[in-house]
Protein chains: 2
Amino acid sequence: MAINNGDFVRLNFTGKIKENDEIFDTTFEDVAKEAGLFDENKEYKPIPIIVGGNHLLPAIEEAIVGLEAGDSKTIEIDSENAFGPRNKQLIQLIPMKEFKRQGMTPVPGMKITSEGSTGKILTVNGGRVKVDFNHELAGKDLIFDVDVTEIIDNDEDKIKSMIELHYAAPNMDINKTVIDIDGDVVNITLDDVAKFDQKSYMDVTFARFRIAKDIWENMDFEKVNFVDSFEKKQEEDEEEAEE
Amino acid sequence: MAINNGDFVRLNFTGKIKENDEIFDTTFEDVAKEAGLFDENKEYKPIPIIVGGNHLLPAIEEAIVGLEAGDSKTIEIDSENAFGPRNKQLIQLIPMKEFKRQGMTPVPGMKITSEGSTGKILTVNGGRVKVDFNHELAGKDLIFDVDVTEIIDNDEDKIKSMIELHYAAPNMDINKTVIDIDGDVVNITLDDVAKFDQKSYMDVTFARFRIAKDIWENMDFEKVNFVDSFEKKQEEDEEEAEE
């Protein structure tokens, strides 16, 4: 069955810069290693998205409409439809003394963060450092090789796919998620290890909100409950009986 | 009705050291201010406990069995039954250079923490600092003035009282807690602000576990669920309809 907007799919992709074939992102471990992008904290496997859900560049999501599971497609995206044009005003000269004040020695190629934006140092000349705050892919035409590996068709798997996408608790086993559907309410009980997440409760709430929102907007449910259960253990009853 | 073990009660108390009448803890704001103990982060009001639940010194919980709501009692507890005897081995000489290494200047009366124990500096003599790691109330006979203000008799209020005791999310309104009892399962939905707690998810889990355990052990429930709900807002439907 051909993919429509709102479908939940899994896909592999490799993204390259058109002008020099440089790979900047991929879901394949071997490709990542070869390109020097390998990140040991990342799981290399097909990623779940909702088509039209703004999980990838809109141009990619549009391009896979009409494909079927197993199909591959090479998608060319011009810079306007990828990360936009390069903006010269985002190239700034910063006095060297700002770096010294923070105990930093600027070097070309180094990445820095200022007021939430990430910039790359272009040149260091005397007392001035030239920093480019454009997105690294701004102004670049891109090519994505995409393979659709699966169209997810049952509700439980759709819900689990959004947990996989948005919720990254360390060591959490997605197969231990219990999904209980009750009319227009979804009750989600995650793997018990998610209870021991060191992240702030608020950060977890934001991840849960994103899951819930993707479910409301793309499935016939009105409410998503995350349930943490604490159950009296049989052993405790026995211990009490022995006392 | 007289208080029994396992009852949920609220009480006010003021604790004093017998030998000098020094107040070290109280639930009354005016008493705390007068004794120089006032803490603006603490709510001064009767605290909820389970009698025999180890929420206060066992000797206090034993002493209130048989009282009724509105009763007051002065309870004398010898050091053995309070914080135990003072142990001379917990008085330690620490080389001054350990303090210097951490940029600290030890002064008598200063409190320090070492490997999870809190100690009070007694003397500073030349290169050695004498620190007492005994509990500040070790070796002291204590007097508690206790007023039982309420015996909590309905299940919903009992559950809420344990949330009040164990769960301190900033600005959380206990009256916005929704308790839904379904057979031997308790479903708890907290005030929405609890979702935005900055504490780690794990710390919140530990607080919830203490609540659940007090409920299992003292009420006829086997399972406690904490439910975080994310509901599609009517406004969003309307926005979508307009698009």
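Chain letters run A, B, ... following the sequence lines, proteins first and then strands; every chain starts at 1. Here the structure is a predicted model, which means the values were calculated and not measured.
Other residues, nucleotides and ligands place no more than 12 heavy atoms under 6.0 Å from the CG atom of Asn171(A). Counting heavy-atom neighbours within 6.0 Å of Asp220(A) CG, excluding the residue itself, gives a total of 12 or less.
Atom-to-atom distance recorded for Asp228(A):CG and Asn225(B):CG is 8.5 Å, nearest 0.5 angstrom. Going from atom CH2 of Trp216(A) over to atom CD of Glu231(B) covers 8.5 Å, rounded to the nearest 0.5 Å.
In this structure, chain A has heavy atoms under 4.5 Å from both the backbone and the side chain of Val227(B).
Using a 4.5 Å cut-off on side-chain heavy atoms (C-beta onward), Phe230(B) and Lys223(A) make no contact.
Looking at residues two or more places apart in sequence or on another chain, you find a ring-ring contact (aromatic ring centres under 6.0 Å, His included) between Tyr44(B) and Phe38(B).
Residue pairs that meet the salt bridge (charged side-chain N to carboxylate O under 4.0 Å, His left out) test with at least one member in residues 161-180 of chain A, sequence neighbours left out, are Arg10(A)-Glu164(A), Lys45(A)-Glu164(A).
For residues 78-87 of chain A, an interface with chain B (any heavy-atom pair closer than 4.5 Å) does not exist. Identified by a heavy-atom distance below 4.5 Å to chain A, the contributing residues of residues 186-201 of chain B are Ala194(B), Lys195(B), Phe196(B), Asp197(B), Gln198(B), Lys199(B), Ser200(B), Tyr201(B), in residue-number order.
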